[in-house]
Structures are given as structure tokens and as C-alpha cells.
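Right, one structure below, let's go through it.
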Amino acid sequence: MIDEKVINEFSQIVGARGLLNENLDLFTYSYDASFLPLLPAAKPDLVLKPQSTQEVAAIMKLAHKYRIPVVARGLGTGRTGGSVPAEGGLVLCLDEMNQILELDDQNLMLTVEPGVKTQDIYQFCAERGLFYPPDPSSLKQSTIGGNIAENAGGPRAVKYGVTGDYVMGLEVVLADGSVLQTGGKMIKNVTGYDLTRLFVGSEGTLGIITRAILRLIPMPKIRRTAQALFDSLDGACAAVSRSIKSGAIPAAAELMDQISIEAVAKFRNIELDPRVKAGVIFEFDGDSEAGLDAQIGEAERLCAECGSVQFRIAKTKEEEDELWSLRRGMSSAIAALAANRIAEDISVPRAALPEIVKRLREIAARYGLQLAVFGHAGDGNLHPSLLADLNAPGEKEKVEQAVGEIFQAALAVGGTLSGEHGIGLTKKDYLADALGETGMAAIRSIKKALDPAGILNPGKIF
Ligand SMILES: Cc1cc2nc3c(=O)[nH]c(=O)nc-3n(C[C@H](O)[C@H](O)[C@H](O)COP(=O)(O)OP(=O)(O)OC[C@H]3O[C@@H](n4cnc5c(N)ncnc54)[C@H](O)[C@@H]3O)c2cc1C
């Protein structure tokens, strides 16, 4: 509980407009989009909506003085409980700091506040012939601050990389309210430690991001989408790897297993060739028709060699949208198959995709659970989805054990616990398995140095 006198002090910083403490508001800020509906009671004591770095700094000074937990929040689409106030305290919601501050079109840099939606950044740039490539599927609902704090990826990561690859500089309010500037608009910078990188993926545990400088590139002139259907999942994985190796690097290569494709076909009333066991949606982009034709031609040839039973290139914008809508509708289609869908986010070396899928299927079979696998084949980031009824007796325990084994399997094939959703609350029990004791000690020291009182997003990651 935060003392009434202290609440008044916060109110003087943000005004009545920026302070929420009605029960319904507190409930609204108590959860995110993580899958397990099993997180501990998490109601915040207070929600604050600052509008400037100065307000964030003043809030942090006060929170530091009274040792109040502070949980940064964008739009709460995180999948691992990162913005859930596990220990109560303050939710610092940054969605009202949502201005695009500057486009520097000499240096191709964009300066933004943390609450700008990713889609708005993409759109703003696209209208000016510029490209901000990171494209989490949640881009219409998530903020750039949340993307940076989770180092969000997306389908285009295979060719263009993830959010962190575009973050050149940050303004961060530290736990004690001091304001740190990192990086800048220069491309090369080895002045001291790379503090920008330190805050990318730090999940609100090291500081509050209040401003970011993002690198842009010119927008590719043409894009083309194709769907390849295969008679085996191994064939689909091999086609993606061989395409990349050949130089026909797709901007996206999204893998779907048989259950995922059947779920979408059922949902959309589409008749499916019975030979189909897996599919890949490819996107290619470039600046010349001839170059793009050559890339797609090469991908089609390699897919045929790897057992494709169909390769369909979208001819119109409508066909392109239809192919992508199959991929975007996949989560909902799979979710409709069972009472609960528990989707994970593991990342493995691309060549290990067939082996990890084999292991995932063995785990699901051992626990008698249905499993759908889809994800970003081009970069080895999969979202295995367990289908279950968590209210059925013993099902929750089975799912928890199966999830634990999924993480161990990812580590065993040289992969890791998360490609893009972070650790948050839901994966912290497994972190030491991935980082080892020395790795854990190193990140604990960093946390202690930047947040000695442990007020920033307590209970997360560690
Ligand atoms: C349907 C759906 C599809 C998704 N698809 C993808 C995908 O393709 N790729 C992907 O990577 N993720 C995906 N996600 C997950 C999620 O959208 C991302 O993690 C996103 O980056 C979270 O942004 P947010 O604004 O909602 O952040 P929140 O959920 O509010 O917060 C996420 C974390 O960031 C911290 N944080 C937020 N803002 C700040 C800040 N300003 N300073 C410091 N810390 C901060 C929070 O404390 C928390 O730990 C998806 C989620 C959904 C629901």
C-alpha cells in the first residue's frame, strides 16, 4: 500500500489526469498478454501516466526515496508477464509519451518517445520512402518502448534483424531518477561500454526508456509473397536454409506445421491437398523486377527439390494480403482448437529446426498433449503451442512439465529459451539453465549496480 501522503506527492508530478487509482483501473493494469493465466496476484497500488522525461525522472526520484516498486508498461502485449506488477507498487504507463520527435533525413535517423506504436513508426517512414523493418506481429498494438525492452523480432528478422539492430541511442531514466543518454546518430561508436545494447532487452529491470534514436533504411521498391506447401516438415525447413545459402534471402520465411495449416484451413473453410504436411510463406523484396524474379525463381526451384507440392506466387495485392492473413490468423485458428493455447518462444540454430520439431513432438506425445508448431523458420525462432484444457484435473501440471522439457530440448540442440518474448515471470525458473552460474552472477551484478534498491520491475528475469 502506498501512503496517501506519498500518493499526493506523485499527483503533484503528473496531476490528477495522469494518476489512476480506482479499483477498475488498477485491475486493468494488472495483467498482460502472457499465456499462463496462472500468474500471482498482481494488482498495482497506483498507475501513473507521465508525459515527459522530467515527469518520469521526478517519479523515479520519489519511488527511489520511498523504495516503491516501479513497473514500466507500454501497451501490455508482452507474452511473459513483463509488465505485470508482481509485487504491487507503481505501474508507469508510457503510452502518453507517444510523439515522433524528429526525422533526420540526412542521417536517416528517427527520434521517438517510448509510447509510439510500432505501426505508426512504420507508416510515418513508409510515407517518406523510408523503412523501419522490425515488424512484431503485434505492431498495431505494441509500443517502441516495449519493443526495445523486449528486443522484439518479427517475420522480417531473417533478412533485416530485430529491434535492437535499429536502436542507435537511448535516453533512460535510472532507478534513482538520474537521466542517462547513450549512443547517438553516429554509425560507429566504441566509446566505453555499449550501454545502448545493455538496455535493449532489459525488460524494464534496469531503467525506464524515455526516448530512442532509430536507424532507418530506404524502403525496398518491390515486394512479392509466395506460399510453398510441402509433403514433409523437414523438406520445408531444408528449403528455407538452402534458399538463404543460395543468396535468395527472403525478407520473411514463416513456417507452419501440419496442425497449424489444418487449423487455418478449417477456420477459413479452405480445402487442403492431403499430401500437405508443412508450409512456408515467403516474402522477397528488392529494387528491380528482374532481381526479384531471379530470387523467387531460385526459391521455387529449391522448394521443388525439397518436396514442395505447391508453390503459389501472389499476383495481386489482394492475393498477397490473403496469404499473409493466413499466417496472421494462425494464432486464433490454433487457439480455436482447444480451451487453452500455451505458446512458447524458443530459438534454435536454423539447421536444428527438424531435430527440435522431432523432440517437441515426442514431448507432446509423452504428455498426451496436442502440439502445433509455427514460427520464423528463417531465423530458427519457433512458437510451439501446446493445446490443453487447464481446468481439467492434472492438465496444468502436465503443461508446466511439458513446457520445462521444451526449454531443455531447445538448450540441448544449441538453442535458447526465448527468441523475442523475453524472460519476464514465466521463464525465470529456467534462466540459470541457459546462462549458467557465471552468467547469472554477471547479470545480477549489472542489476545491482544500476538498481541497488531493486525497485525496477522486481521479480522479473531473476
Ligand atoms: C498477438 C501478439 C503477437 C505478438 N507478436 C510478436 C512478434 O511477432 N514478435 C515479438 O517480438 N513479440 C511479439 N509479441 C509480444 C509483444 O507484443 C512484444 O513483446 C512487445 O514488444 C511488447 O510491447 P508493449 O508495448 O505491449 O510492452 P509491454 O507488454 O507493456 O511491456 C513489455 C516489457 O517491456 C517493459 N517496458 C515497456 N515499456 C518500457 C519502457 N519505456 N522502458 C523500459 N521498459 C519498458 C515492461 O516493463 C515489460 O517488461 C506479440 C504479442 C501479441 C499479443
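Numbering of ligands and ligand atoms starts at 1, following listing order.
Both the sub-6.0 Å distance and the 45° axial angle are not jointly satisfied by R156 relative to the ring of Y166.
In this structure, of G204, A149, G154, the residue bringing a heavy atom nearest to atom 34 (O) of ligand 1 is A149. Of the candidates G153, P155, P114, G153 brings a heavy atom nearest to atom 11 (O) of ligand 1.
Below 30°, between 30° and 60°, or above 60°: for H383 and H421 the angle between ring planes is below 30°, a parallel geometry. By the 30° and 60° cut-offs, the orientation of the rings of F284 relative to F282 is parallel.
Looking only at protein heavy atoms, the nearest one to atom 12 (N) of ligand 1 is H421 CD2, 3.5 Å. Ranking protein heavy atoms by distance to atom 21 (O) of ligand 1, first place goes to N147 ND2, 2.8 Å. Nearest protein heavy-atom contact of atom 23 (O) of ligand 1 is S142 CB, 3.4 Å. Atom 19 (O) of ligand 1 has E150 CG, 3.5 Å as its closest protein atom, hydrogens excluded (heavy atom only). The protein non-hydrogen atom at the shortest distance from atom 14 (N) of ligand 1 is S138 OG, 3.7 Å. Nearest protein heavy-atom contact of atom 6 (C) of ligand 1 is S137 N, 3.7 Å. In terms of protein heavy-atom proximity, atom 25 (O) of ligand 1 is closest to T143 OG1, 2.7 Å. Annotation: atom 1 (C) of ligand 1 to nearest protein heavy atom, R79 NH2, 3.6 Å.
Note: an N/O pair closer than 3.5 Å links L75 and ligand 1 by distance alone. For ligand 1, the polar-atom distance check against T77 finds a nitrogen or oxygen pair separated by under 3.5 Å. Between Q141 and ligand 1, no N or O atom pair is found at a separation short of 3.5 Å. Checking only distances, H376 never comes within under 3.5 Å of ligand 1, N or O to N or O. In terms of N/O distances under 3.5 Å, ligand 1 is approached by A72. Geometrically, ligand 1 and R73 share no nitrogen or oxygen pair separated by less than 3.5 Å. For ligand 1, the polar-atom distance check against G78 finds a nitrogen or oxygen pair separated by under 3.5 Å.
Of the heavy atoms in N457, only side-chain atoms (C-beta onward) come closer than 4.0 Å to ligand 1. Residue contacts with ligand 1 for A33 involve side-chain atoms from C-beta outward but no N, CA, C or O (heavy atoms, distance under 4.0 Å). Neither the backbone nor the side chain of K460 has a heavy atom within less than 4.0 Å of ligand 1.
Near G82, the atoms of ligand 1 lying under 4.0 angstrom from a non-hydrogen atom of the residue are 47 (O), 48 (C), 49 (O). Interface atoms of ligand 1 facing E203, defined by a heavy-atom separation under 4.0 Å, are 47 (O), 49 (O). If you number the atoms of ligand 1 from 1 as listed, the ones under 4.0 Å from a heavy atom of S83 come out as 28 (P), 29 (O), 30 (O), 31 (O), 48 (C). Near L94, the atoms of ligand 1 lying under 4.0 angstrom from a non-hydrogen atom of the residue are 40 (C), 41 (N). Numbered from 1 in the order shown, with element, the atoms of ligand 1 that lie under 4.0 Å from a heavy atom of G76 read 26 (O), 28 (P), 29 (O), 30 (O). Within ligand 1, the atoms closer than 4.0 Å to a non-hydrogen atom of G74 are 25 (O), 28 (P), 30 (O), 37 (C), 38 (N), numbered from 1 in the order shown.
Of all the heavy atoms in A236 and L255, the pair that sits closest is CB-CD1, 3.8 Å. Summarising the geometry of V158 relative to D379, their closest heavy-atom pair is N-OD2, 3.6 Å, with the distance given to 0.1 Å.
S138 and R79 are not linked by any side-chain donor-acceptor pair at a separation below 3.5 angstrom, with hydrogens and angles left out of the test. In this structure, a donor-acceptor pair under 3.5 Å is present between the side chains of D345 and S418. A side-chain donor from one of S142 and N147 sits under 3.5 Å from a side-chain acceptor of the other. Side-chain contact annotation: D25 with T28, donor-acceptor N/O pair under 3.5 Å absent.
A donor-acceptor pair under 3.5 Å is formed between the side chain of S52 and the backbone N or O of E55.
One finds no salt bridge joining E283 and R327 here, because no Lys/Arg side-chain nitrogen approaches an Asp/Glu carboxylate oxygen to under 4.0 Å. Under a 4.0 Å N-O distance rule, the pair K428/E203 does not qualify as a salt bridge. At a threshold of 4.0 Å, the pair D165-R197 counts as salt-bridged, since one of the basic side-chain nitrogens sits closer than that to a carboxylate oxygen.
By the 4.5 Å heavy-atom criterion applied to side chains, I259 and I334 are not counted as neighbours.
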- prompt: What do the steps show when you test E113 against Q99 for side-chain hydrogen bond (donor to acceptor under 3.5 Å, both in side chains), and what is the final call?
  reply: CA-CA 5 Å; E113 290 188 317; Q99 298 302 306; 5.1 Å; no
Residues E262, K266; criterion salt bridge (charged side-chain N to carboxylate O under 4.0 Å, His left out); working and verdict: CA-CA 6 Å; E262 284 174 358; K266 188 172 159 202; over 6 Å; no
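Note on ligand 1: G207 sits in its first shell, one or more heavy atoms being nearer than 4.0 Å. In this structure, D32 does not count as a contact residue of ligand 1, since none of its heavy atoms falls inside 4.0 Å of the ligand.
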